[in-house]
Enquirer: 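Supplied in structure tokens, the structure appears directly below.
On a predicted model such as this, the values are computed, not experimentally measured, just so you know.
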Amino acid sequence: MVQKIRWNNSVKTKQFLLLLVFILVNVIFSIGVYEGAFSSARDAIYEKMSAQAQFYLSSIDTQISNTRKMQTDFFTDRKLAFLVYPNTNMSDYERREALLTEEERLLSIKNSNLFIEQADMYLPYSGYKITLNGVKNIKEEDYIVIEEYSRYTQKSIYYKEGELFMVSLGNNNYVADEMPEQLFFISLSIDKIRESLAGFNSIEGSGSFLYNEENDMLIESAGGEFLGEEIVSQVDLSGNMDHKMQIVKIENKRYLTSVSNSEYLGEFVQYYPDDAVLSQLNVYKIYLSVYIAGTLAIAVLFSFYTEKFVHSPLKKLLRAFGNVKAGNFDEQIGHRREDEFSYIYDGFNQMTKRIKTLIEEVYIYKNLKQRAELKQLQAQINPHFLYNSFFALSRRVKRGDLENAEEFANYLGTYFKFLTRNESDEVALEKEVEHARSYTNIQAVRFADRIKVEFAQLPEEYSGFLVPRLILQPIIENAFQHGLENKEGEGILRIFFSEDGLYLYIHVEDNGEEADEEYIKKMQEIIENTDEREVTGILNIHKRLRIYYEMEGGLKIGRSELGGVHIQIVIPKNKGGENH
């Protein structure tokens with residue numbers, strides 16, 4: 001039970017009396033000086049940001065609107081109508097003059113918009129491609145481009161894979177999946193847009209960007225701080241905050257943001273560092289000097305008082321925690337006064353005793369649990385696998401295929417010899433791979449008509465690495481049972497090795513058709529949630545690797561390039577030769 005502390009001995013009471021005086025002085029001056037100063041400075045900056053944004057968006061939207069109109073008007077030209085199909089009654093001279101006229105119109109459209117980088121008119125049936133650099137014959141790759149971009153005609157402007165473009169077919173009766181009669185493609189320069197946005201970076205640390213969630217577009221100003229992704233995750237872009245000031249915090253630094261909407265490009269966001277307002281506070285230096293002089297005396301008294309009654313006991317407690325962190329769980333501390341610290345110290349002393357007891361209990365439990373899980377894993381010999389393997393061996397003997405029967409029997413012997421040797425919970429990686437290879441060879445013989453196995457050689461320098469037993473074979477077994485079991489043919493199982501500066505990776509991937517996104521997501525959730533009460537084979541391996549390599553190793557699960565599941569065993573190189 002906690003003994004009741006007399007109010008006059010309480011650190012809380014003593015500190016409250018001093019803080020009350022300090023807060024009263026601080027409120028009187030800070031509300032009148034700082035709130036007014038910062039508010040006026042922020043409003044001035046924000047008004048400037050909003051005015052700039054409206055002018056810029058009006059300008060760029062007008063350019064895009066005009067370009068779109070010119071793009072539409074381009075198709076009304078009578079000469080273009082004669083160029084659409086090759087069998088029109090035009091002489092070579094008339095056709096040449098018509099093509100040159102359309103080329104000049106393209107140049108006119110480019111000159112009307114500073115952001116246009118490329119403008120191409122495709123006439124697939126007549127085989128012409130009119131560009132800013134001349135008239136060309138349409139090539140095979142151009143037809144691919146036409147088919148690709150003919151789908152982007154529902155909106156005025158699109159953004160895809162770093163490219164901002166406008167597409168028009170000039171035909172409202174266009175039928176999907178058919179070759180259009182004509183396609184007008186305009187590409188806008190991202191770099192020029194970035195340079196134009198840089199004009200808003202008038203303060204060091206400021207920046208601006210265009211963001212369109214639907215098109216996954218984020219174009220940041222050149223020379224800015226490139227904080228677009230962080231700001232997008234915090235500001236309200238729903239439209240409710242249009243032209244209203246918002247404050248975001250990134251890495252302990254506050255930014256003043258302005259959000260405006262463009263008809264074509266989405267949201268236009270500007271951000272200034274909030275401390276920019278400090279440059280406008282020079283007028284208030286006199287008031288601040290008076291405020292500082294008045295609070296300095298209180299601060300000195302407060303510092304002296306808290307040092308004696310709060311900081312010194314806290315330092316003592318921190319030193320004790322440091323000793324516990326270093327492994328000294330016999331640390332005990334005392335306190336002469338009857339205040340909160342005396343009870344904190346008593347709780348600390350009881351805590352260290354309890355932690356020491358729990359560590360001993362957990363250490364014993366962890367070792368027992370690890371060994372129990374390993375024994376359980378070793379005992380999991382699938383009876384179906386066993387009798388199917390013997391049936392396969394029997395068929396080879398009956399056929400008189402003694403050489404392959406002997407080889408198959410050796411695979412079985414190596415496989416079960418490894419499982420029945422229990423003298424150690426860890427094994428050289430070479431032995432672990434040999435065991436997995438034996439299992440894989442057995443399955444490859446059984447399913448030779450419908451599954452192809454590719455098993456790479458283990459790099460020699462990693463042969464002696466110590467690893468937990470049975471970390472590779474169960475993963476391969478999982479691939480056969482859950483990935484390739486229903487494959488009627490052309491199944492692929494691939495096991496290979498890779499490395500980087502820190503880790504060795506063992507890859508197991510297949511082309512099983514069972515592995516949809518939901519299945520892979522479920523497997524990822526299983527290994528991420530290590531508190532699962534139901535310990536599956538995959539989770540068992542992941543947990544043992546995490547414990548064995550002190551939280552550095554483990555499993556990674558994702559989509560295979562073959563179409564199925566890709567599981568990676570991650571082994572830290574710096575711990576591969578240690579005896580855990």
Side-chain angles (χ1 to χ4, degrees), residues 46-77 80 102-121 130-132 149 152-160 162-170 172 183-202 206-224 228 232 235 237-239 241-244 257-271:
Y46 190 77
E47 289 176 4
K48 177 183 177 182
M49 293 169 66
S50 297
Q52 289 178 332
Q54 291 306 308
F55 177 80
Y56 175 77
L57 291 180
S58 177
S59 173
I60 195 171
D61 283 354
T62 299
Q63 290 190 64
I64 293 176
S65 177
N66 291 338
T67 300
R68 185 63 176 176
K69 184 176 183 301
M70 295 176 71
Q71 189 181 34
T72 302
D73 292 342
F74 196 95
F75 296 97
T76 62
D77 184 64
L80 181 63
E102 302 309 322
E103 181 184 351
E104 291 174 358
R105 294 185 68 196
L106 284 183
L107 289 171
S108 176
I109 292 177
K110 181 183 185 305
N111 294 333
S112 69
N113 190 329
L114 298 175
F115 301 115
I116 293 180
E117 184 178 47
Q118 178 184 351
D120 298 324
M121 168 60 75
I130 308 173
T131 70
L132 297 172
Y149 287 107
Y152 297 94
T153 59
Q154 301 301 317
K155 296 186 297 185
S156 297
I157 193 165
Y158 287 86
Y159 179 87
K160 178 186 177 185
E163 185 179 29
L164 194 63
F165 57 91
M166 305 167 67
V167 178
S168 179
L169 301 180
N172 295 327
L183 183 142
F184 193 179
F185 173 85
I186 294 178
S187 174
L188 302 181
S189 172
I190 301 295
D191 291 336
K192 289 182 179 179
I193 293 177
R194 288 196 177 103
E195 291 173 4
S196 70
L197 292 175
F200 295 95
N201 305 342
S202 57
S206 64
S208 57
F209 60 91
L210 290 164
Y211 175 73
N212 189 307
E213 182 179 8
E214 181 180 357
N215 289 332
D216 194 23
M217 181 187 78
L218 179 62
I219 302 176
E220 302 206 54
S221 59
V232 165
V235 299
L237 298 174
S238 63
M241 296 296 292
D242 193 21
H243 306 305
K244 293 184 180 179
T257 66
S258 167
V259 180
S260 301
N261 183 265
S262 167
E263 181 181 355
Y264 299 101
L265 298 178
E267 284 72 35
F268 174 57
V269 183
Q270 301 176 79
Y271 55 90

Enquirer: Has the side chain of Glu267 got a donor or acceptor atom that lies under 3.5 Å from a matching backbone atom of Val259?
Expert: no
Enquirer: Is the backbone N or O of Ile109 less than 3.5 Å from a side-chain atom of Ser112, with the two atoms forming a donor-acceptor pair by type?
Expert: yes
Enquirer: Once side chain to side chain donor-acceptor pair (under 3.5 Å) is applied, do any residues pair with Ser208, and if so which ones, sequence neighbours excluded?
Expert: none
Enquirer: Please lay out, stage by stage, how Leu265 and Leu164 fare under the test side-chain contact (heavy atoms from CB on, under 4.5 Å).
Expert: CA-CA 10 Å; Leu265 298 178; Leu164 194 63; 4.0 Å; yes
Enquirer: Please lay out, stage by stage, how Tyr264 and Ile60 fare under the test side-chain contact (heavy atoms from CB on, under 4.5 Å).
Expert: CA-CA 9 Å; Tyr264 299 101; Ile60 195 171; over 6 Å; no
Enquirer: Who are the salt bridge (Lys or Arg N to Asp or Glu O under 4.0 Å) partners of Glu104, not counting sequence neighbours?
Expert: none
Enquirer: I need the minimum non-hydrogen distance between Phe209 and Gly228, along with the two atoms involved.
Expert: CE2-CA, 3.7 Å
Enquirer: For Lys69, does the NZ atom have more than 12 heavy-atom neighbours from other residues, nucleotides or ligands under 6.0 Å away?
Expert: no
Enquirer: Taking atom CD1 of Ile190 and atom OH of Tyr159, what is their separation to the nearest 0.5 Å?
Expert: 5.5 Å
Enquirer: Would you name the heavy atoms of Leu57 and Ser262 that are closest together and state the gap between them?
Expert: CD2-CB, 3.8 Å
Enquirer: Please give me the minimum heavy-atom distance between Leu106 and Ala119, naming the atom from each residue.
Expert: CD1-O, 3.8 Å
Enquirer: Quick check for you: to the nearest 0.5 Å, what is the distance between Ile157 atom CD1 and Ile64 atom CD1?
Expert: 4.0 Å
Enquirer: Counting N and O atoms only, with roles assigned by atom type, does the side chain of Glu163 sit under 3.5 Å from a partner on the main chain of Ser187, one being a donor and the other an acceptor?
Expert: no
Enquirer: Run the numbers on Arg105 and Glu102 for salt bridge (Lys or Arg N to Asp or Glu O under 4.0 Å), then give the verdict.
Expert: CA-CA 5 Å; Arg105 294 185 68 196; Glu102 302 309 322; 3.5 Å; yes
Enquirer: Once rounded to the nearest 0.5 Å, what's the spacing between atom CG of Leu218 and atom CG of Asn212?
Expert: 10.5 Å
Enquirer: Test of understanding: with salt bridge (Lys or Arg N to Asp or Glu O under 4.0 Å), list the residues that count as partners of Arg194, not counting sequence neighbours.
Expert: Asp191
Enquirer: For a ring pair (Phe, Tyr, Trp, His ring centres under 6.0 Å) with Phe185, tell me which candidate from Tyr149, Tyr158, Phe74 qualifies.
Expert: Tyr149
Enquirer: Apply side-chain contact (heavy atoms from CB on, under 4.5 Å) to the pair Leu114 and Gln63, showing each step before the final yes or no.
Expert: CA-CA 8 Å; Leu114 298 175; Gln63 290 190 64; 4.2 Å; yes
Enquirer: Please report the interatomic distance OG1(Thr67) to CG(Asn113), rounded to the nearest 0.5 Å.
Expert: 3.5 Å
Enquirer: Which residues satisfy the side-chain contact (heavy atoms from CB on, under 4.5 Å) test with Ser108, sequence neighbours excluded?
Expert: Met70
Enquirer: Aromatic rings Phe200 and Tyr56: how do their planes relate, parallel, tilted or perpendicular, breaks at 30° and 60°?
Expert: perpendicular
Enquirer: Heavy-atom count around Glu213 CD within 6.0 Å, excluding the residue itself: above 12?
Expert: no
Enquirer: For the side chain of Thr76 and the backbone of Thr72, is there at least one donor-acceptor N/O pair under 3.5 Å apart?
Expert: no
Enquirer: Please answer whether the main-chain N or O of Phe55 pairs with a side-chain N or O of Ser59 as donor and acceptor at a distance below 3.5 Å.
Expert: no
Enquirer: Locate the shortest heavy-atom distance separating Ser50 from Ser258; write the atom from each residue and the value.
Expert: OG-OG, 4.1 Å
Enquirer: Measure across Val167 and Phe165 and return the closest heavy-atom pair with its distance rounded to 0.1 Å.
Expert: CG2-CD1, 3.6 Å
Enquirer: Drop me the distance from Ser189's OG to Glu195's CD, to the nearest 0.5 angstrom.
Expert: 7.0 Å
Enquirer: Please name the pair of heavy atoms, one in Met121 and one in Leu80, separated by the smallest distance, quoted to 0.1 Å.
Expert: CE-CD2, 4.2 Å
Enquirer: Between Phe268 and Leu197, is any pair of side-chain heavy atoms under 4.5 Å apart?
Expert: yes
Enquirer: For atom CG of Asn111, is the number of surrounding heavy atoms from other residues, nucleotides or ligands below 6.0 Å larger than 12?
Expert: yes
Enquirer: Got a sec, which residues hit salt bridge (Lys or Arg N to Asp or Glu O under 4.0 Å) with Glu117, two or more places apart in sequence or on another chain?
Expert: none
Enquirer: Rounded at 0.5 Å granularity, tell me how far CZ in Phe184 sits from CG in Asp120.
Expert: 8.5 Å
Enquirer: Once salt bridge (Lys or Arg N to Asp or Glu O under 4.0 Å) is applied, do any residues pair with Asp61, and if so which ones, sequence neighbours excluded?
Expert: none
